[in-house]
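This is a predicted model, so every value here is computed, not measured. Numbered from 1 within each chain, the chains take letters A, B, ... in sequence-line order.
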Protein chains: 2
Amino acid sequence: MARTQGSHSDITGPRVRDTALRLFARHGYAAVSMRQIAREVGVQAGALYNYTPDKQSLLFDLLKGHMDDLLAAHAAQPDAGAPLAELEQFARFHIRFHHDRPDAVFISYMELRNLTPENFEVIEGLRRSYEDRLEAILRRGVEAGVFDVAEPKIAAMAVIAMLTGVNTWFREGGRLSLPEVEEIYWDMVHRAVATSPPQHPA
Amino acid sequence: MARTQGSHSDITGPRVRDTALRLFARHGYAAVSMRQIAREVGVQAGALYNYTPDKQSLLFDLLKGHMDDLLAAHAAQPDAGAPLAELEQFARFHIRFHHDRPDAVFISYMELRNLTPENFEVIEGLRRSYEDRLEAILRRGVEAGVFDVAEPKIAAMAVIAMLTGVNTWFREGGRLSLPEVEEIYWDMVHRAVATSPPQHPA
DNA sequence: GGATTATCTGAACGCCCGTTCAGATCAAAG
DNA sequence: CTTTGATCTGAACGGGCGTTCAGATAATCC
């Protein structure tokens with residue numbers, strides 16, 4: 001028996017990627033076998049090789065796809081104008097985007113070491129270009145006199161680390177909503193880099 | 001041939017742990033085999049079981065040891081007095097301590113999911129108690145009126161994420177020394193939570 | 001409705017895994 | 001100098017690994 005009703009490349013392909021993403025995030029790339037992925041997809045292990053040349057490519061494509069999505073989504077943000085508004089937009093965008101795809105974010109951090117050197121370089125390059133965008137915002141703000149940051153590159157790393165950290169503890173249905181969290185983090189980022197800190201009522 | 005000259009529990013034991021720590025950090029727990037560890041230690045795989053009941057315990061002991069070290073080292077810090085001084089001490093301590101043991105820090109983040117549920121609970125408990133210490137500092141500062149932080153728990157998470165982030169990019173021999181990095185990060189943390197931000201010369 | 005082609009099965013390939021254990025080896029104790 | 005006990009070897013255990021591929025199946029095309 002093969003090719004059960006309605007199964008196509010268009011259906012099985014995404015299911016393979018989704019399942020791999022979920023399992024890699026949950027147990028780690030090395031701990032997940034092709035047979036495990038196949039079982040959850042509802043197919044034999046050999047069939048996976050219609051959708052990926054090998055396990056390594058499966059991981060790489062997930063990471064590459066995530067980074068491409070991130071850069072594209074960020075590029076699609078409307079022009080905010082002034083550096084302060086751009087920084088706020090970046091902070092809120094980063095929190096929301098990462099919140100929406102915790103598994104992809106997780107493996108993009110965790111599984112870098114399981115990439116071949118060439119694949120690693122590609123992903124690292126994409127990550128750097130994302131960091132560069134924040135760094136550029138900070139530099140513009142320094143020039144404009146609204147940010148007080150001696151080392152924009154380091155400040156960018158610090159801000160990204162802080163914002164990404166939301167994913168490690170935030171859970172839907174907790175005491176705070178995501179917009180509330182967004183507000184708290186933006187406030188801290190703002191104060192950490194701005195020349196004149198935001199004024200709080202009372 | 002067995003028991004080559006000078007090999008004792010006192011020598012092989014630590015070597016097993018050191019090697020496991022390094023390999024786990026480099027390739028991931030699941031990707032490292034007991035035979036690989038044994039080979040680097042210079043021993044057959046079976047001999048490892050004189051030093052650990054199984055692979056899982058090896059991982060757990062490394063994480064547990066790291067967290068115990070962290071809490072003990074932090075507890076050994078002298079009393080700084082005022083909340084602002086305590087926060088500064090915490091920030092500088094955190095950066096230095098994590099900088100000194102990048103492998104242990106790395107696996108303490110990465111390999112949590114490879115712990116059994118019971119072991120996971122233990123490590124999580126220790127981590128929470130470290131976070132609680134920072135949260136307590138922030139709460140004292142809010143009471144004293146020197147910190148402006150609406151959510152001390154979240155601010156603690158944000159500060160820790162930011163500070164731990166140093167390990168992801170800092171390399172010895174780079175443009176900046178660790179004390180310089182410490183200064184930059186402390187400045188950002190300070191401004192992010194303090195009521196009156198630090199005054200910069202000129 | 002017959003031929004074509006995409007899709008999948010099921011078995012096999014060589015290899016490595018964590019763990020156990022009887023027996024060999026050697027340092028230290030008496 | 002013998003005995004003891006800690007330490008290690010080397011082989012084995014059952015099982016899972018990533019990947020390949022001939023052949024079976026079913027959707028699609030003419």
Side-chain angles (χ1 to χ4, degrees), chain A residues 1-24 26-63 107 111 113-116 118-119, chain B residues 1-24 26-63 107 111 113-116 118-119:
Chain A
M1 178 184 10
R3 178 90 93 109
T4 58
Q5 224 187 16
S7 68
H8 282 61
S9 188
D10 301 347
I11 296 175
T12 309
R15 271 172 55 79
V16 168
R17 278 186 289 278
D18 290 353
T19 305
L21 176 61
R22 186 165 37 84
L23 290 180
F24 287 167
R26 190 115 65 212
H27 308 292
Y29 172 76
V32 173
S33 70
M34 295 298 271
R35 284 173 234 270
Q36 234 172 102
I37 297 169
R39 195 181 318 129
E40 298 228 357
V41 171
V43 102
Q44 291 295 319
L48 297 181
Y49 291 84
N50 288 319
Y51 304 99
T52 180
D54 47 42
K55 195 186 176 190
Q56 166 72 204
S57 302
L58 193 48
L59 176 62
F60 175 68
D61 289 346
L62 289 172
L63 297 203
I107 68 167
E111 305 297 356
R113 62 186 167 187
N114 284 310
L115 292 174
T116 62
E118 314 84 59
N119 287 344
Chain B
M1 178 182 11
R3 177 88 94 104
T4 57
Q5 225 188 14
S7 69
H8 281 61
S9 188
D10 301 348
I11 297 175
T12 309
R15 270 172 55 79
V16 168
R17 278 186 288 280
D18 291 353
T19 304
L21 176 61
R22 187 165 37 84
L23 291 179
F24 287 166
R26 191 114 65 208
H27 307 292
Y29 172 76
V32 173
S33 70
M34 295 299 271
R35 285 170 180 57
Q36 234 171 104
I37 298 169
R39 194 182 319 130
E40 298 228 356
V41 171
V43 103
Q44 292 295 318
L48 297 181
Y49 291 84
N50 288 320
Y51 304 100
T52 180
D54 47 41
K55 195 186 176 191
Q56 166 72 204
S57 301
L58 193 48
L59 176 62
F60 175 68
D61 289 346
L62 289 172
L63 296 203
I107 68 168
E111 305 298 355
R113 62 186 167 186
N114 284 311
L115 292 173
T116 62
E118 315 83 59
N119 286 345

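The CD1 atom of A/Ile37 sits 11 Å away from the C1' atom of D/dG18 (whole-angstrom rounding). At whole-Å resolution of the value, CD1 in A/Ile11 and P in C/dA6 are 17 Å apart. Atoms CZ (B/Arg15) and P (D/dC8) sit 10 Å apart, rounded to a whole Å. Rounded to whole angstrom, the span from the CD atom of A/Gln36 across to the P atom of D/dG16 amounts to 11 Å. Nucleotide C/dC17 holds its P atom 13 Å from the OH atom of B/Tyr29, rounded to whole Å. In this structure, CD of B/Gln56 is placed 13 Å from P of C/dG18, rounded to the nearest angstrom. The distance between atom CZ of A/Arg39 and atom C1' of C/dG10, rounded to the nearest whole Å, is 16 Å. Rounded to whole angstrom, the span from the CG atom of A/Asp54 across to the P atom of D/dT20 amounts to 8 Å.
Note that the CZ atom of B/Arg113 and the OH atom of B/Tyr29 stand 12.5 Å from one another [nearest 0.5 Å]. Here CG of A/Asn119 is found 3.5 Å from OG1 of A/Thr116. Values are rounded to the nearest 0.5 Å. The distance from atom CG of A/Asp54 to atom CE of A/Met34, rounded to the nearest 0.5 Å, is 7.5 Å. The CG atom of A/Leu115 sits 7.5 Å away from atom CZ of A/Phe60, with the distance rounded to the nearest 0.5 Å.
Closest to the side chain of B/Met34, out of C/dC8, D/dG18, C/dT19, is C/dT19. Distances from the side chain of B/Asn50 to the nucleotides D/dC8, C/dG18, C/dC8 place D/dC8 closest.
Residues A/Arg26 and A/Glu40 are not paired through a salt bridge, judged by the lack of any N-O separation under 4.0 Å between the basic side chain and the carboxylate. A salt bridge between A/Glu111 and A/Lys55 is absent, with no side-chain N of the basic residue lying under 4.0 Å from a carboxylate O of the acidic one.
Non-hydrogen atoms lying under 4.0 Å from DNA chain C are contributed by A/Val43, A/Gln44, A/Gly46, A/Ala47, all within residues 40-49 of chain A.
For the OP1/OP2 pair of C/dC17 and a distance below 4.0 Å, the side-chain nitrogens and oxygens of B/Ser33 include at least one atom meeting the criterion. The side chain of B/Tyr51 places no N or O atom within less than 4.0 Å of a non-bridging phosphate oxygen (OP1 or OP2) of D/dT7. Proximity of A/Thr12 to the phosphate of C/dT7: no side-chain N or O atom is located under 4.0 Å from OP1 or OP2.
You'll find a donor-acceptor pair under 3.5 Å spanning the side chain of B/Arg35 and the base of C/dG18, going by distance alone.
Side-chain contact check for B/Val16 versus B/Thr52: every heavy-atom pair is 4.5 Å or farther apart.
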